[in-house]
Amino acid sequence: MNHLFDLSRTASVAVLSPDPRREDGVSLIDPIRLYEQVNGLAEVAVLTTHAAARSLRDLMPHLAVWGGAVRIVRPGAAPDDPKHRHPLVKITPGRSDEAFREIRRRLLGRTLVYSTTTPQPGDSRPPVPGDRSAPPPGEIEDLRALLAAEKRTTSSLRQDVRRLTRALRAAEERAESDTPAIYADPEQQFRYEVDQCWLRLIAEPDRPSHPLAPFTLGPDWLTSLHAVESVHRRKIVEVSVEVLTGLATAMPGRQVHRMRARDERGGIRLVRADQAVAMRCHLKNQTSAAPRLMWWKLPDQTIELARVALHNDTHLR
């Protein structure tokens, strides 16, 4: 059973169920002949008892195989795969040759290759098929349907991988990097997170030369921490530490710059009545639409953290 879901498996597995008319578990077709027919295309697994077939059905209903039929389990099988990804080939008693051809046809659905031999001058014969026979009538349509089903399955699996990867990264970030909630007061909690982040990011020998500047929190700061869903709180705290230590100015990816107010002259530096200068930087790199962190820099070098907002939101107070 484990072998069916082994991600390192590269070949399909033809799972052969027992003849329902017999109690001794003998198959409708000869497993030896089946192996000879599919050798190089698939492995062969034989369910030698009806109890084994029932166990497979109970554990994995979508991979159930019964009544002497053969289930072709593709590589990369997962417990929640759709049925059509692993086709079931029904066997008619006394028609082994037809069964072998059908099983080979299903296995060759992904790898069917025909000869590209070019006739020699004067040779009126049509191109000879390669080591696999030319498709019988209706096979091309079957292969097209199979290919379309495989594409749908592949697209769905890729979406699942992307979704689960994002969820895993988010969970790892929360598990490894989140500072636990210590204070009920939001400002005290944020200051605690800044202190812990500073201790984590700045090595002890460098702390005297990169202290945290005195800072206050503007009226919109705490509510803005949750305003931009694409930025994790951990990242906001880290960039805040970079701003408060002056490291952000030396980091090209942060793009620290003074903010400007639009006017008829194209913009003037935004300065508050107390002579505080509006500043901002990127929270994320490599995108012009990156969310921004905005702050006021006062004449006494105190920092007032103002807001976290999207790149085109420049409102400050």
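This one's a predicted model, so the numbers in the text were calculated from it and none came from an experiment. Any value given below was found using the heavy atoms of this structure, including those in side chains, with hydrogens, waters and symmetry copies removed.
With hydrophobic clusters built from ILVMFWY side chains whose heavy atoms lie under 4.5 angstrom apart, M294 does not share a cluster with L283. Under the 4.5 Å side-chain heavy-atom criterion for Ile, Leu, Val, Met, Phe, Trp and Tyr, L298 and I303 are members of distinct hydrophobic clusters. By the criterion of side-chain heavy atoms lying less than 4.5 angstrom apart, applied directly or through intervening Ile, Leu, Val, Met, Phe, Trp or Tyr residues, V26 is not grouped with V15; the two fall into different hydrophobic clusters. Under the 4.5 Å side-chain heavy-atom criterion for grouping Ile, Leu, Val, Met, Phe, Trp and Tyr, I236 is connected to L212 within one hydrophobic cluster. A single hydrophobic cluster is seen to contain both M279 and V194, as judged by linkage of ILVMFWY side chains at heavy-atom distances under 4.5 Å, directly or through other members.
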Worked check of side-chain contact (heavy atoms from CB on, under 4.5 Å) between V237 and F190: CA-CA 8 Å; V237 174; F190 180 78; 4.0 Å; yes

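None of V228, L305, V256, V231 except one satisfies the side chain to side chain contact (heavy atoms under 4.5 Å, CB included) rule with L293; the exception is L305.
Distance check, rounded to the nearest 0.5 Å: CZ of R9 to CZ of R74 gives 10.5 Å.
Looking at R258, its side chain never comes within 3.5 Å of a backbone N or O of V277 through a donor-acceptor pair. Between the side chain of R272 and the backbone N or O of A278 there is no donor-acceptor pair closer than 3.5 Å. Of the possible donor and acceptor atoms, one in the side chain of H50 sits under 3.5 Å from a partner among the backbone N and O of R22. Remark: side-chain polar atoms of Q189 are paired, donor with acceptor, to backbone N or O of I182 under 3.5 angstrom.
With respect to R33 and E36, no salt bridge is recorded, no charged nitrogen being found less than 4.0 Å from a carboxylate O. With respect to the salt-bridge test (charged N to carboxylate O, under 4.0 angstrom), the residues R233 and E193 qualify.
The environment of F215 atom CZ is dense: over 12 non-hydrogen atoms of other residues, nucleotides or ligands sit within 6.0 angstrom. No more than 12 heavy-atom neighbours from other residues, nucleotides or ligands sit within 6.0 angstrom of CZ on R95.
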